[in-house]
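Inspection log for the structure reproduced underneath, given as structure tokens.
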Amino acid sequence: MKRTLFFVFLIITFSCKEVDKENQLNTDNSTVVPFENIPEPDFTITTNETTHNKFSSEIPPVLTVTNGSIIEAFTQEATGGQLNINSTIEDIKNVDMDKVHTLTGPIYVKGAEVGDVLAVELLDLEPGDWGWTAMEPGFGFLAGEHESELFKTYELDKKNNLVRFSKNVHISLKPFAGVMGVAPDTTAMLSTIPPRANGGNMDDPHLVKGVTVYFPIFVKGALFSIGDTHAVQGLGEVVGTAVECDMRIRFRLKVLKGKTIKEPQYESEEYYATTGFGITIDEAAKKATRYMVEHISETYEMPWDEAYMLCSLIGDLKIAEVVDEPHMLVTMHIPKSVFQTMEIN
């Protein structure tokens with residue numbers, strides 16, 4: 001009888017934990033969900049007449065979706081289809097820069113209002129069959145310090161999840177979109193090259209499958225766009241390019257009411273991150289830190305000074321990119337597991 005009661009207790013306890021976990025994952029404060037089973041898309045958007053390479057409130061949407069919709073988007077490599085696996089260094093020199101960062105979108109989300117937050121849940125990212133990387137003397141973090149130029153193309157080994165950089169160097173694929181963002185509150189046609197408050201060219205390799213990215217909404221409908229997709233990239237993207245490639249992406253768009261942020265933030269099941277852009281690393285790092293202090297203070301009802309001190313103990317500043325002039329991007333990550341101890345008496 002005791003053994004029977006013990007097993008009943010275990011079953012009830014396990015069931016309660018599962019329900020609590022499910023409720024936790026579906027609160028307004030977090031839209032992070034498990035991604036074992038990728039749902040089918042409600043809409044598909046391709047690169048056929050649906051691309052642009054500027055950020056502006058004047059660019060009309062190519063798709064209108066309801067709140068919570070799942071979109072399947074196809075993107076092109078950074079030059080918008082001007083290169084292929086047989087291209088050479090001469091081809092990269094002749095690229096039409098007016099087509100660089102061809103983004104898929106914009107997508108109008110019903111119910112998205114100015115001051116809301118757009119949550120983009122990255123459900124799946126599948127790179128194309130090939131990619132490229134380029135280096136030129138006048139571009140990159142060490143621009144002007146060398147005369148080297150180099151161009152590589154790769155056949156992506158998706159079966160083994162590898163890109164073969166050289167005979168002896170194989171790198172695991174870690175696909176993400178370099179550019180994600182909503183329309184800024186301006187009719188000007190802004191370049192996609194630098195990151196801004198609306199997102200844009202963040203080039204942050206942490207924005208992978210399973211991550212939810214939050215964007216402040218500046219115009220009605222949000223007007224979300226995505227592109228500049230990478231098979232893999234290191235933090236900083238120091239030569240100015242990653243393994244640039246086409247990509248098939250599935251994501252969910254959800255409007256969050258009652259949540260306000262100044263610049264993009266994101267989270268996985270393990271951590272929460274804030275971002276800050278600036279013309280210097282110092283400026284960007286201070287903004288990322290300030291936003292994290294605010295996040296901790298507001299989310300966990302912690303005094304500002306304690307939240308600031310906590311950032312010094314668990315906050316990790318990371319340089320996302322240093323080459324997208326005139327702005328650089330710095331992030332701060334904190335482990336979410338730390339805050340679970342607040343519930344332990």
Side-chain angles (χ1 to χ4, degrees), residues 45-47 49-63 73-83 92 95-108 118 120 122 125 131-134 136 138-141 143 175-205 207 213 215-219 221-231 233 236-237 239-247 249 251 263-264 266 275-279 284 320-329:
I45 180 172
T46 69
T47 56
E49 299 180 355
T50 61
T51 59
H52 62 93
N53 73 330
K54 295 290 188 292
F55 275 111
S56 173
S57 62
E58 289 294 289
I59 301 175
V62 298
L63 179 67
F74 291 84
T75 66
Q76 293 177 313
E77 48 81 26
T79 70
Q82 297 181 71
L83 300 176
I92 194 70
V95 162
D96 181 355
M97 294 302 293
D98 288 337
K99 296 181 180 179
V100 167
H101 287 169
T102 51
L103 308 181
T104 301
I107 301 171
Y108 184 101
L118 182 68
V120 181
L122 299 172
L125 298 99
W132 63 268
T133 307
E136 297 182 271
F139 187 50
F141 199 42
F176 75 100
V179 176
M180 283 190 284
V182 295
D185 184 19
T186 178
T187 58
M189 293 292 172
L190 302 180
S191 167
T192 59
I193 298 299
R196 298 185 179 87
N198 68 308
N201 195 21
M202 297 187 289
D203 279 333
D204 187 341
L207 304 183
V213 193
F215 297 93
I217 296 177
F218 299 99
V219 300
L223 297 179
F224 175 77
S225 298
I226 190 166
D228 183 34
T229 38
H230 303 156
Q233 179 210 296
E237 197 188 25
V239 301
T241 57
V243 175
E244 312 287 335
C245 67
D246 300 339
M247 197 166 291
I249 309 171
F251 54 88
E263 295 181 31
Y266 59 90
T275 75
F277 76 92
I279 59 174
E321 68 81 13
V322 292
V323 294
D324 298 327
E325 296 180 349
H327 297 150
M328 301 180 179
L329 191 78

Worksheet item: Between CZ of Phe251 and CG of Leu125, what distance do you get to the nearest 0.5 Å?
Response: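 With rounding to 0.5 Å, CZ (Phe251) is 9.5 Å from CG (Leu125).
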Does any non-hydrogen side-chain atom of [Y] lie less than 4.5 Å from one of [X]?
{"X": "Asp228", "Y": "Asn201", "result": "yes"}
{"X": "Met180", "Y": "Phe224", "result": "yes"}
{"X": "Tyr266", "Y": "Leu122", "result": "no"}
{"X": "Trp132", "Y": "Thr79", "result": "yes"}
{"X": "Phe55", "Y": "Thr192", "result": "yes"}
{"X": "Arg196", "Y": "Pro184", "result": "no"}

Item to complete: Would you please test Thr75 and Ile226 for side chain to side chain contact (heavy atoms under 4.5 Å, CB included) and show each step?
Response: CA-CA 8 Å; Thr75 66; Ile226 190 166; 4.3 Å; yes
How close do [X] and [Y] get, heavy atom to heavy atom, and via which atoms?
{"X": "Thr104", "Y": "Ala73", "result": "CG2-CB, 4.4 Å"}
{"X": "Ala183", "Y": "Ser56", "result": "CB-O, 3.7 Å"}
{"X": "Ala197", "Y": "Pro216", "result": "O-CG, 3.5 Å"}
{"X": "Ala284", "Y": "Gly278", "result": "CB-N, 3.7 Å"}
{"X": "Ala177", "Y": "Ile249", "result": "CB-CD1, 4.4 Å"}
{"X": "Gln233", "Y": "Asp203", "result": "NE2-O, 3.0 Å"}

Fill in: Contacts of His52 that satisfy ring pair (Phe, Tyr, Trp, His ring centres under 6.0 Å) - sequence neighbours left out
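By the ring pair (Phe, Tyr, Trp, His ring centres under 6.0 Å) rule, His52 matches no residue at all.
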Discussion item. His101: which residues meet the ring pair (Phe, Tyr, Trp, His ring centres under 6.0 Å) condition with it, sequence neighbours left out?
Written reply: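 Ring pair (Phe, Tyr, Trp, His ring centres under 6.0 Å) list for His101, sorted by chain: empty.
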Worksheet item: When the ring planes of Phe277 and His327 are compared, do they come out parallel, tilted or perpendicular, using 30° and 60° as the limits?
Response: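 It falls in the tilted class, 30° to 60°.
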Item to complete: Please check if atom CE in Met97 has more than 12 non-hydrogen atoms from other residues, nucleotides or ligands closer than 6.0 Å.
Response: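 Atom CE in Met97 is not crowded, with 12 or fewer foreign heavy atoms closer than 6.0 Å.
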Worksheet item: What do you reckon, is NZ of Lys54 surrounded by more than 12 foreign heavy atoms closer than 6.0 Å?
Response: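 Count over threshold, so yes.
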Between [X] and [Y] (side chain of the first, backbone of the second, donor and acceptor by atom type, cut-off under 3.5 Å), is there such a pair?
{"X": "Asn198", "Y": "Val182", "value": "yes"}
{"X": "Thr275", "Y": "Pro264", "value": "yes"}
{"X": "Ser225", "Y": "Gly181", "value": "no"}

Fill in: side chain to side chain contact (heavy atoms under 4.5 Å, CB included) evaluation trace for Asp324 with Met202
CA-CA 8 Å; Asp324 298 327; Met202 297 187 289; over 6 Å; no
Practice prompt. With side chain to side chain contact (heavy atoms under 4.5 Å, CB included) as the test, would you mind laying out the steps for Leu223 and Tyr108 before giving the verdict?
Written response: CA-CA 5 Å; Leu223 297 179; Tyr108 184 101; 4.1 Å; yes
Practice prompt. Using the side chain to side chain contact (heavy atoms under 4.5 Å, CB included) rule, take Val100 and Asn53 through it: C-alpha gap first, then chi angles, then the decisive distance, then the call.
Written response: CA-CA 7 Å; Val100 167; Asn53 73 330; 5.5 Å; no
Using a 3.5 Å cut-off and no angle test, enumerate the donor-acceptor pairs between side-chain atoms of residues 239-246 and protein atoms at least two apart in sequence or in another chain.
from	atom 1	to	atom 2	distance (Å)
Thr241	OG1	Ala134	N	3.0
Thr241	OG1	Ala134	O	2.7
Glu244	OE1	His230	NE2	3.1
Glu244	OE2	His230	NE2	3.4
Glu244	OE2	Ala242	N	2.8
Asp246	OD1	Glu77	N	2.6

